[in-house]
Amino acid sequence: MSEPLPTIVLIGHGMVGQRYLEALAERGATATHRITVLCEEPRPAYDRVHLTSYFSGSTAEDLSMTPAGFMEQHGIALHLDDPAEHIDRAARTVTSRSGRVFPYDVLVLATGSYPFVPPVPGKDAPGCFVYRTIEDLLAIEEYAKSRSSGAVVGGGLLGLEAAGALQGLGLATRVVEFAPRLMPVQVDEGGGAALLRTIESMGLTVHTGVGTQEVVIGEDGHVSGMRLSDGSTVDTDLVVFSAGVRPRDQLARDAGLDVGERGGIAVDARCLTSDPRVYAIGECALAVDGRVYGLVAPGYEMAETAADDLLGRAKEFTGADLSTKLKLLGVDVASFGDAHGTTPDSLDVVWSDSRSGVYKKLVVSPDGVLLGGVLVGDADSYGLLRPLTGSVPPVSPEQLVLPAGVGAPVALGPSALPDHAVICSCHNVTKKAIAACATLAEVKKCTKAGTGCGSCVKVIGQLLPAAADQGLCGCFPFTRAELYEIVRTRRLTSYQELLDGHGRPEARGGDGCEVCKPTVGSIIASLAPTLGASGYVLDGEQAALQDTNDHFLANMQRNGSYSVVPRIPGGEITPDKLIVIGEVARDFGLYTKITGGQRIDLFGASVDQLPRIWARLVDAGFESGHAYGKALRTVKSCVGQTWCRYGVQDSVRMAIDLELRYRGLRAPHKLKSAVSGCARECAEAQSKDFGVIATASGWNLYVGGNGGATPRHADLLAQDLSDAELVRLIDRFLMFYIRTADRLERTSTWLERLEGGLAHLRDVVVHDSLGLCAELEALMADHVAHYRDEWAETLQDPERLRRFVSFVNAPGAPDPTVKFVPERDQVKPDLAVLTIGGAVR
Amino acid sequence: MTVELQVAQGWLTVCELSALTPGRGVAALLPDGSQAAVFVDRAGRPYAIGNQDPFTGAHVLSRGLVGTAGGRPFVASPLLKQRFDLESGRCLDDEETAVRTYPVRTAATS
Ligand code: SRM
Ligand SMILES: Cc1cc2nc3c(=O)[nH]c(=O)nc-3n(C[C@H](O)[C@H](O)[C@H](O)COP(=O)(O)OP(=O)(O)OC[C@H]3O[C@@H](n4cnc5c(N)ncnc54)[C@H](O)[C@@H]3O)c2cc1C
Ligand code: SF4
Ligand code: FES
């Protein structure tokens, strides 16, 4: 008989608890110990740091920190939803809520902290929340559905994050902070002022220097407002308390372990409590330097320390850096090192520009060592400055705070960093360790760098050999989906503002490029009604963003002439309208062809003819067919039940309804659809972005189909839908695609790339797993309500018609290079006039 | 303010500066029957190059989108998207190819 293995009981399966388990596994200690974990929450450890991303589309699975199979592989017994209630140190047992008793040889407390709720009257009323767990978020989201305003008590890092989330849920949001500035712990007065401006410009209301005295309860027993210490009362439907956290040390107190005067389980440099068999790590612990660390990086270091100590290896935790970077999308705030300049004799170098909301301060010692700093409004350099802390930077501090384009250019790249510089402070990973990897995925796997707060990912990218830059183009470091979120949450309607505020430093102030301009133009157009912007794609600054085709509302052909495609919804057309098309084509001498999309294309129009052609078409009741736009093209139909002997539904009517509903909708790429009247599928619906096939009792909806270069059969999303259900589901599907797809990504490639694939898509749009559906439907309702025909609008306005001329200095002169020659009784471009140095390419 | 182009015959007034949309261009017909593409960037600076796209032969460069690459202004052809430096006329995507440029200035409207 072999000796029974020593038993470790871990209480708390949060971020630090999980890190401890991984540290044990990495050291082989899972094989030599029996390990039991008691977890209070209903799910295993998840990424609390990125909790807020749950509102912007991350799922509980995305946030999970426990690799699949980890527990099984290492023989760890995890008890979910069963918190420890009592520790008997004499008997060395832990009793859980369900009454089970777990003996231990080594006990590890990683119970984290709880949100502090100030003892104000009304704090427990329905409508009061805290912001700590996925369950908290679910409750807030549910409650917010039928409400319109919210308030956050506390303007610290977490409070601002919560406020951003409330705003994202559509609530008019205010923040109440007791201190005289926002984020008082991290930023100084100047930084607070810059931050205030930025936060207010996002549409949040901020009260500083006032306390919350009472939560006012309305007649229905729910929260209706707040009374503040300045005597004022504000209305709010919902209150989130984010007034700091307190260590969860009750269990330890009850067990007679030493705790600090102001809370926290006292530990020594080895992370041992006053009982040598009990460790405490993470946010519940009071470290030897007398601090309770409310950040994940120090907690991870404690986890490593406790794991090493268990194996008799010497590693000490004596304190950590409090660097932070606020992740609220669009607002850059960072502080690191001695941000408040408390080191004796320290000096400040400050750049402050209240016009653009940028404030940067570096704290340096008299001999030039960088001690710390505060960055507000532009924290791009955070990833580089933090690792330089404690050393003399290679360039002067003035150069480090001046914005790009002012003063001498600074070539301070990651190459300037010494090998031992810590790039990822969450996981204590040096530049040298990162440089040994080839890809970001490898870095994350081998060193864990980048898997904590994520603020180091950018610099990691720059250190990797073939920097796999996800950015849209040379102007923006963001993907299309990220830009969409920035435009949406910051309510931007100006490309220049987006470029200057969020572009790569070297692109700010410039003219952008041909990739991002149309992409941003399309994002603004998709969101126009919601942003309160003009939906007309050629208004104001928008005019400069559109691709040539959108700019002239027609498709440019190889000789510089244009094609004209009127919308023919569902492919149904009256003889009278057919005649008008014929007459227009004849009168302007246009080559005429039936397209593959059940409509008619008229080719060979010159720029100056376009308005005259469209005047006739609009007069006859035609609208733009958006053949030029990344927008809905056609909804093809088969003839269906009305005529066809097999048809079971009116496919033509449905195709027309759908085409009219989604016409003009700007998207990452073009959208095509079709409706077939029965399973024989004459409309080829399964090759469309969204295809509909009639059934005896309704409609089947297929999504993600594609013809073209890489054909893909569409997937069945839902069956036997009523008309209303079908439309609602398509609304959600299209808006979710528009929100998350990349530039020029058809629904087929998007669906292939979507993590979790069809099942995830179904969860989101059918089962509303992200709680997004109401918002998606509202966006579509906005689109439908605000649709106007672009050509009709253009014709009404002489200003808009001004661009349709051949030459700015000779508007009447036809372009002599747009010429045609006859072919098969029609015309074709005359390429002979396009010779380049005598040759046609 | 008017925009003027230098051609063989001297300075040719093309249009009012206000007729140009920053980031876009217009075509101008020159006395010898050739065409120029005239642009103004975001900062209000005018540029002029030949209007013919050397890759397709079509006279369409004036209808491309203006951008900045490496701090220099360019236009992307609307047909096959090759980019041309607005100051030098050089094609950024093909060293062998270039379009001509024209001296351009703004002048107070008399
Ligand atoms: C006119 C038409 C061909 C025809 O004479 O029949 C046509 C013409 C063009 N197609 Fe198409 N496609 C036409 C039907 C199709 C179809 C068939 C259909 O819609 O049922 C397909 C395959 C189905 C699909 O899209 O999944 C098709 C797949 C493409 C693709 C490849 C898309 C893909 O995802 O692989 C492109 C390239 C692109 O969009 O990037 C393309 C691009 C083009 C462009 C826009 C190329 C361009 O940028 O100049 C052509 C310009 C049209 C113009 O100037 O008016 N066209 N094209 C058809 C117009 C349909 C309409 O009424 O709107
Ligand atoms: C919205 C938000 C944003 C944040 N952003 C950042 C950031 O940007 N950077 C940063 O460094 N930090 C950030 N933090 C803080 C970070 O999440 C914490 O520092 C980290 O989670 C601490 O890990 P922990 O394991 O000590 O505690 P936790 O992650 O809180 O885990 C403790 C776990 O123990 C459980 N538990 C408690 N008592 C018992 C019991 N008796 N029995 C069983 N289980 C029990 C709890 O339910 C919990 O699941 C953020 C926190 C929040 C809420
Ligand atoms: S799909 Fe069915 S209903 Fe439609 S035309 Fe073909 S056979 Fe008829
Ligand atoms: S610094 Fe937080 S993940 Fe690297």
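Sequence lines set the chain letters: A, B, ... in the order given, protein chains first and strands last, and positions in each chain run from 1.
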Enquirer: Is B/Val26 close to chain A through its backbone or its side chain, or both, or neither, when contacts mean heavy atoms under 4.5 Å?
Expert: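 Contact with chain A is through the side chain of B/Val26 alone.
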Enquirer: For chain A, which of B/Val14, B/Thr21, B/Asp41, B/Leu29 has the most heavy-atom pairs under 4.5 Å?
Expert: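 Sorted descending by pairs with chain A, the first entry is B/Leu29.
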Enquirer: Describe, in one word, how the ring planes of A/Phe603 and A/Tyr591 are oriented to each other, choosing from parallel (under 30°), tilted (30 to 60°) and perpendicular (over 60°).
Expert: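 The arrangement is tilted - the two ring planes meet at 30° to 60°.
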Enquirer: Side chain from CB out, backbone as N, CA, C, O: work out which of these in B/Ala19 comes under 4.5 Å of a heavy atom of chain A, or both, or neither.
Expert: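 It is both, since atoms from each part get that close.
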Enquirer: So which of B/Ala69, B/Pro78, B/Gly70, B/Ala43 has the biggest tally of heavy-atom pairs under 4.5 Å with chain A?
Expert: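 Top count of heavy-atom pairs under 4.5 Å with chain A: B/Pro78.
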Enquirer: Mind ranking B/Gly23, B/Ser62, B/Ala27 by heavy-atom pairs under 4.5 Å with chain A and telling me who comes out on top?
Expert: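 The candidate making the most pairs under 4.5 Å is B/Ala27.
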Enquirer: Measure B/Arg24 against the heavy atoms of chain A and call it side chain, backbone, both or neither at under 4.5 Å.
Expert: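 When you check distances to chain A, only side chain atoms of B/Arg24 fall under 4.5 Å.
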Enquirer: Under 4.5 Å heavy-atom distance to chain B, tell me which part of A/Val607 shows up: side chain, backbone, both or neither.
Expert: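 For A/Val607, the contact with chain B is made by the side chain alone.
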Enquirer: Would a distance-only check, ignoring hydrogens and angles, find a side-chain to backbone donor-acceptor pair under 3.5 Å from B/Arg105 to B/Thr2?
Expert: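 Judged by distance alone, no pair lies under 3.5 Å.
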Enquirer: List in chain and number order the residues that pass ring pair (Phe, Tyr, Trp, His ring centres under 6.0 Å) with B/His59, two or more places apart in sequence or in another chain; answer none if no residue qualifies.
Expert: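 Once residues adjacent in sequence are excluded, B/His59 has no partner under the ring pair (Phe, Tyr, Trp, His ring centres under 6.0 Å) criterion.
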Enquirer: Between A/Gly509 and A/Asp500, what is the shortest heavy-atom contact and its length?
Expert: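 Smallest interatomic distance, heavy atoms only, reads N-OD1, 2.8 Å.
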Enquirer: Would you say the side chains of A/Glu790 and A/Tyr628 form a donor-acceptor pair under 3.5 Å?
Expert: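 Judged by distance alone, the side chains do pair up.
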Enquirer: Which class fits the ring pair A/Tyr495 and A/Phe476: parallel under 30°, tilted 30 to 60°, perpendicular over 60°?
Expert: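 Geometry flag for A/Phe476 against A/Tyr495: perpendicular rings.
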Enquirer: Pick one of side chain, backbone, both or neither for A/Ser806, based on which atoms fall under 4.5 Å of a heavy atom in chain B.
Expert: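 Contact with chain B is through the backbone of A/Ser806 alone.
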